[in-house]
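First the structure, in the form of structure tokens, and then the observations on it.
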2 protein chains.
Amino acid sequence: MESVHVVSPFDVNCPSRPVMEHLSSRWGVLVQIVLLRGTHRFNELRREVGGVSEKMLAQTLQALERDGVVHRLVHPVIPPHVDYSLTELGVRTATAVRGLFDLLFERWEDFATAQEAYDERKARA
Amino acid sequence: MESVHVVSPFDVNCPSRPVMEHLSSRWGVLVQIVLLRGTHRFNELRREVGGVSEKMLAQTLQALERDGVVHRLVHPVIPPHVDYSLTELGVRTATAVRGLFDLLFERWEDFATAQEAYDERKARA
DNA sequence: CAGCATCCTAGCAGATACTG
DNA sequence: CAGTATCTGCTAGGATGCTG
């Protein structure tokens, strides 16, 4: 008998927390957006996502693959050729993340203005 | 003459990166969701968001306030009383974040299954 | 090309104590 | 109550070198 799991990221020990953290991680969000534009190879992703190290990209992709968000297709050739794409679930998560992105673009002026106002207030005080 | 800023989080040095990271940070996402349900005081938030330390909550709230996402209202009384709420911009960002959350709930079985399958494949290999 | 293994460090983050 | 200040540890994350 399995107990019913109520998934709540507000609970410290909920297994959904790590998943949420993968989806919203620094590199995770960028990778999802890039893959939403289509399949990419490892080094293509690396070039698209500015500043990501090899190690962190590999780590990020593995976490997202394990979570069922990213699909990894290995072509058995030499030199190696690996294609990364979004699963159906990944398209859903990436689309949600894209919502945040779009907001960042649309409202960038508001973010920037708020920051200036905040710093101004602090400097004055 | 100001140059036109093209905001691109894919660029290493784009000022939008820190903002994106605040919005998608471990505690940032949880705080936004809680505040979407209404105004909260500091220690109310602390209780709602499981596992967050005083320090990290303060830090998170300050970053979100500076970004124009969270509004901080100080009532000049003793003992202190501070109300945190979302700005209009914050409601927008929090709603986007909520999209990710809802997905996590709706599709939790798929995430869990994917993880098991992945671990199974690895153990086998 | 697509990684993994190793080493190393900055700074993220927790615990504790104190203050207006 | 709502924070700061300080100390410290841990680990995310970068650099480098190697492999199938």
Side-chain angles (χ1 to χ4, degrees), chain A residues 9 11-13 17-31 34-35 39-67 70-85 118 121-122 125, chain B residues 9-10 12-13 17-31 34-35 39-67 70-85 118 121-122 125:
Chain A
D11 181 2
V12 201
N13 294 320
R17 268 219 178 159
V19 175
M20 187 62 185
E21 282 161 23
H22 299 156
L23 295 178
S24 70
S25 72
R26 169 142 71 137
W27 305 119
V29 292
L30 296 173
V31 164
V34 172
L35 289 184
T39 299
H40 285 70
R41 300 178 61 174
F42 188 85
N43 282 311
E44 285 174 352
L45 279 170
R46 193 148 146 57
R47 275 188 294 275
E48 293 272 354
V49 178
V52 69
S53 70
E54 215 171 72
K55 179 185 166 185
M56 288 317 299
L57 182 56
Q59 206 169 101
T60 300
L61 286 169
Q62 279 166 19
L64 293 179
E65 187 195 356
R66 186 173 114 94
D67 293 340
V70 159
H71 178 65
R72 183 171 180 270
L73 178 59
V74 182
H75 301 278
V77 296
I78 294 173
H81 183 144
V82 180
D83 282 327
Y84 290 95
S85 56
Y118 182 93
R121 260 179 287 142
K122 289 293 168 182
Chain B
F10 297 104
V12 201
N13 293 320
R17 270 221 177 156
V19 175
M20 187 61 185
E21 282 161 24
H22 299 156
L23 296 178
S24 70
S25 72
R26 169 141 72 134
W27 306 119
V29 292
L30 296 173
V31 164
V34 173
L35 289 183
T39 299
H40 285 69
R41 299 177 62 172
F42 188 86
N43 281 311
E44 286 174 352
L45 279 170
R46 192 148 146 56
R47 276 187 295 274
E48 294 271 354
V49 179
V52 68
S53 68
E54 219 169 68
K55 178 186 162 185
M56 288 316 298
L57 181 56
Q59 206 169 98
T60 300
L61 286 169
Q62 279 166 18
L64 292 179
E65 187 195 356
R66 185 173 113 96
D67 293 339
V70 160
H71 179 64
R72 182 171 181 271
L73 178 60
V74 183
H75 302 276
V77 295
I78 294 174
H81 183 144
V82 180
D83 282 328
Y84 290 95
S85 57
Y118 182 93
R121 260 180 285 141
K122 289 292 168 184

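Bear in mind that the values here come from a model prediction, so they are computed numbers and not experimental data. Naming convention: chains lettered A, B, ... in sequence-line order (proteins, then strands); numbering from 1 in each chain.
- The shortest distance between side-chain heavy atoms of Val34(A) and Leu30(A) does not fall below 4.5 Å.
- The side chain to side chain contact (heavy atoms under 4.5 Å, CB included) search around Val82(A) returns Arg72(A), Val74(A), Tyr84(A), not counting sequence neighbours.
- Every side chain to side chain contact (heavy atoms under 4.5 Å, CB included) that Arg66(A) has, sequence neighbours left out, goes to Gln115(B), Tyr118(B), Asp119(B).
- Reading DNA chain D from its 5' end, the first and the last nucleotide to sit under 4.0 Å from a heavy atom of chain B are dC1(D) to dT4(D).
- Looking only at side-chain heavy atoms (C-beta outward), Val49(B) and Leu57(B) stay at 4.5 Å or farther from each other.
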> Using a cut-off of 4.0 Å between protein heavy atoms and nucleotide atoms, how would you tag nucleotides 2-17 of chain C 5' to 3' with B, S and -?
Replying inline: SBB--------BBB-B
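- In Leu73(A), the CG atom is crowded: over 12 heavy atoms of neighbouring residues, nucleotides or ligands sit closer than 6.0 Å.
- In this structure, Glu21(A) CD and Arg26(B) CZ are separated by 5.0 Å, a value rounded to the nearest 0.5 Å.
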>> side chain to side chain contact (heavy atoms under 4.5 Å, CB included), that's the test. Do Val12(A) and Arg17(A) meet it? Break it down for me.
In response: CA-CA 8 Å; Val12(A) 201; Arg17(A) 268 219 178 159; 4.1 Å; yes
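- With contacts defined as side-chain heavy-atom distances shorter than 4.5 Å, the pair Leu35(B)/His71(B) does not qualify.
- Between the axis at the start and the axis at the end of the helix from dC1(C)-dG20(D) to dG20(C)-dC1(D) there is an angle of 60°, using five pairs per end and rounding to 10 degrees.
- For Glu48(B), the salt bridge (charged side-chain N to carboxylate O under 4.0 Å, His left out) partners two or more places apart in sequence, or in a different chain, are Arg37(B).
- A distance-only check finds a donor-acceptor pair linking the side chain of Ser24(B) to the backbone of Ser24(A) [under 3.5 Å].
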